[in-house]
A.B. asks: 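Pasting a structure here, questions to come.
Since this is a predicted model, take the numbers as computed values, not measurements.
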Amino acid sequence: MIAIVDYGRGNLGSVQKALARVDASGAVVVTDDRHVVEGARALVVPGDGAFADAMQSLDRLGLVDPIRAHIEAGRPYLGICLGYQVLFTESEEFGHAKGLDVLPGVVRRFPAGLKVPHMGWNRLQARAPLPLLAGIPDGAYFYFVHSYYPEPVALEGCVTATCDYGVSFPALVARGACYGTQFHPEKSQGWGLRLLANFATLAGGGTPAC
């Protein structure tokens, strides 16, 4: 079972439909039940909106510790947009808010002078081969909507793919079975579906085909 975590943020329906389309091997459920989250073989945490509100919702639902435990156990996790940003230590959005602190770093607003949000299609440049990007050409376009981006302090043991929008930022991070994308694969048409299919394969213990 792949569990999509419902904490009141994001278009969960489009993520569920996209995953159900590419994952014929098992169930895809949307849940805010910590017991379902604890028993899932893989977690997908989408989301958009404010960082602090997201963390407050996860805490109120009792999901912070189960999500951390899931990642620490090496089970597959995919954070999308805000679900990616909350992996970091903190965000400077509306002051400072603490994240899950799985990845060391700060989520910062794009510098003054850049149009925000960063909205639309942009290219992804992989720094090294990534199973999540198997079969996807380097420089493929994905769909972004965000005003803040993660600035890692250090990403030891991580592999990244970057995007340029006035600054170069890690638009995708992979550490073990933990993945995060700043872009929205569910809105990124063919290459986005391929990425989700690769994640579903990884969640099932397989290796995505190139």
A.B. asks: Measure from the side-chain N and O atoms of R75 to the backbone N and O of A40, and report whether any donor-acceptor pair falls under 3.5 Å.
C.D. replies: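 Yes: the side chain of R75 pairs with the backbone of A40.
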A.B. asks: Can you find a heavy atom in the side chain of P170 that is under 4.5 Å from one in the side chain of P152?
C.D. replies: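 The answer is yes, as the side chains (C-beta and beyond) meet within the 4.5 Å cut-off.
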A.B. asks: Give a yes or no on whether the backbone of V106 and the side-chain of E92 come within a donor-acceptor separation of less than 3.5 Å.
C.D. replies: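 Not at all, since once roles are kept as given, no pair shorter than 3.5 Å links the two residues.
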A.B. asks: Find out if a path of hydrophobic residues (ILVMFWY) with successive side-chain heavy-atom gaps under 4.5 Å connects L193 to Y141.
C.D. replies: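 Different hydrophobic clusters.
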A.B. asks: Is there a side-chain contact (heavy atoms from CB on, under 4.5 Å) between V45 and I80 once you walk through the steps?
C.D. replies: CA-CA 6 Å; V45 181; I80 297 172; over 6 Å; no
A.B. asks: Should V37 and H70 be marked as a side-chain contact (heavy atoms from CB on, under 4.5 Å) after you check the CA-CA gap, both sets of side-chain angles, and the distance that decides it?
C.D. replies: CA-CA 8 Å; V37 169; H70 179 97; 5.7 Å; no
A.B. asks: Is any side-chain heavy atom of P131 closer than 4.5 Å to one of T207?
C.D. replies: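 Not touching, per the 4.5 Å side-chain cut-off.
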A.B. asks: Does Y149 form a ring pair (Phe, Tyr, Trp, His ring centres under 6.0 Å) with F110? I'd like the steps, not just the answer.
C.D. replies: CA-CA 7 Å; Y149 68 97; F110 280 113; 5.0 Å; yes
A.B. asks: Would you indicate whether the side-chain heavy atoms of M55 and L100 approach each other to under 4.5 Å?
C.D. replies: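 In contact.
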A.B. asks: Which heavy atom of A52 sits nearest to which heavy atom of A97, and what is that distance?
C.D. replies: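 Minimum heavy-atom contact is CB-CB, 3.7 Å.
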A.B. asks: Report the residues that fulfil side chain to side chain donor-acceptor pair (under 3.5 Å) with T89, sequence neighbours left out, ordered by chain and then residue number.
C.D. replies: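 Only D101 meet the side chain to side chain donor-acceptor pair (under 3.5 Å) criterion with T89.
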A.B. asks: Taking all atoms of both residues into account, what is the closest heavy-atom pair of A134 and N198, and its distance?
C.D. replies: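 Minimum heavy-atom separation between A134 and N198: O-ND2, 2.9 Å.
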A.B. asks: Within the distance-only criterion (no hydrogens, no angle test), does the side chain of Q182 pair as donor or acceptor with the backbone N or O of L172 below 3.5 angstrom?
C.D. replies: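 A pair under 3.5 Å: no.
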A.B. asks: E151: which residues meet the salt bridge (Lys or Arg N to Asp or Glu O under 4.0 Å) condition with it, sequence neighbours left out?
C.D. replies: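 Salt bridge (Lys or Arg N to Asp or Glu O under 4.0 Å) list for E151, sorted by chain: R108.
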A.B. asks: Apply side chain to side chain donor-acceptor pair (under 3.5 Å) to Q189 and list each qualifying residue two or more places apart in sequence or on a separate chain.
C.D. replies: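 Checked Q189 against side chain to side chain donor-acceptor pair (under 3.5 Å); zero matches.
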A.B. asks: Minimum heavy-atom separation for R34 and L63, please, with both atom names.
C.D. replies: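 What the structure gives for the nearest pair is CA-CD2, 3.6 Å.
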A.B. asks: Tell me which pairs pass side-chain hydrogen bond (donor to acceptor under 3.5 Å, both in side chains) where either residue lies in residues 46-68, with sequence neighbours left out.
C.D. replies: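 Checked against side-chain hydrogen bond (donor to acceptor under 3.5 Å, both in side chains) - neighbours excluded - no pair reaches residues 46-68.
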A.B. asks: What I'd like to find out is whether the side chain of I136 reaches to under 4.5 Å of the side chain of L195, using heavy atoms alone.
C.D. replies: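 I136 vs L195: side chains touch.
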A.B. asks: By the side-chain hydrogen bond (donor to acceptor under 3.5 Å, both in side chains) test, which pairs, at least two apart or in different chains, include something from residues 111-138?
C.D. replies: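 Qualifying pairs: H118-N122, H118-H146.
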A.B. asks: Is there any salt bridge (charged side-chain N to carboxylate O under 4.0 Å, His left out) pair reaching into residues 179-204, and which pairs are they, with sequence neighbours excluded?
C.D. replies: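 Passing the test, one end in residues 179-204: no pairs.
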A.B. asks: OH of Y143 to SG of C81: how many Å apart, nearest 0.5 Å?
C.D. replies: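 One gets 11.0 Å once the value is rounded to the nearest 0.5 Å.
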A.B. asks: Provide the full list of salt bridge (charged side-chain N to carboxylate O under 4.0 Å, His left out) pairs with a residue in residues 78-90, sequence neighbours left out, each pair given once.
C.D. replies: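 Applying salt bridge (charged side-chain N to carboxylate O under 4.0 Å, His left out) to every pair that reaches into residues 78-90, excluding sequence neighbours, yields E90-K98.
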A.B. asks: So which pairs with a foot in residues 180-210 pass ring pair (Phe, Tyr, Trp, His ring centres under 6.0 Å), sequence neighbours left out?
C.D. replies: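 Sorted pair list: F142-F183, F144-F183.
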A.B. asks: Apart from V153 itself, what residues make up its hydrophobic cluster when side-chain heavy atoms of I, L, V, M, F, W and Y under 4.5 Å apart count as a link, directly or indirectly?
C.D. replies: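 The other cluster members (ILVMFWY side chains, heavy atoms under 4.5 Å, direct or chained): none.
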A.B. asks: Please give me the minimum heavy-atom distance between V159 and P129, naming the atom from each residue.
C.D. replies: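 That would be CG1-O, 4.4 Å.
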A.B. asks: For V167 and P111, which heavy atoms make the closest approach, and how far apart are they?
C.D. replies: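 Between these two residues, the closest heavy atoms are CG1-CG, 3.9 Å.
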A.B. asks: Name every donor-acceptor pair, under 3.5 Å, that has one atom in a side chain of residues 1-8 and the other anywhere in the protein, sequence neighbours excluded.
C.D. replies:
from, atom 1, to, atom 2, distance (Å)
D6, OD1, G8, N, 3.1
Y7, OH, P46, O, 2.6

A.B. asks: If you measure from CG on L87 to OH on Y179, what distance do you get to the nearest 0.5 Å?
C.D. replies: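 Result: 13.0 Å between the selected atoms.
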A.B. asks: Restricting to non-hydrogen atoms, name the atom on L130 and the atom on A174 that form the minimum distance, rounded to 0.1 Å.
C.D. replies: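 Reported closest heavy-atom pair: CD2-CB, 3.6 Å.
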A.B. asks: For residues 73-104, which residue pairs pass the ring pair (Phe, Tyr, Trp, His ring centres under 6.0 Å) check, not counting sequence neighbours?
C.D. replies: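 Output for this query lists Y84-F88.
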A.B. asks: Are V30 and V22 linked, directly or through other ILVMFWY residues, by side chains that come within less than 4.5 angstrom of each other?
C.D. replies: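 Linked, V30 and V22 end up in one cluster.
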A.B. asks: Strictly by side-chain hydrogen bond (donor to acceptor under 3.5 Å, both in side chains), give each pair with a member in residues 165-178 just once, sequence neighbours left out.
C.D. replies: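 Qualifying pairs: D164-S168.
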A.B. asks: Could you check L124 against L133 for side-chain contact (heavy atoms from CB on, under 4.5 Å), going step by step and ending with a plain yes or no?
C.D. replies: CA-CA 10 Å; L124 189 68; L133 297 178; 4.0 Å; yes
A.B. asks: Could you tell me the separation between the OG1 atom of T181 and the CG atom of L132, rounded to the nearest 0.5 Å?
C.D. replies: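 Nearest 0.5 Å value for the OG1-CG distance: 8.0 Å.
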A.B. asks: What's the spacing between I71 CD1 and C178 SG if we round to 0.5 Å?
C.D. replies: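 If we round to the nearest 0.5 Å, I71:CD1 and C178:SG are 4.5 Å apart.
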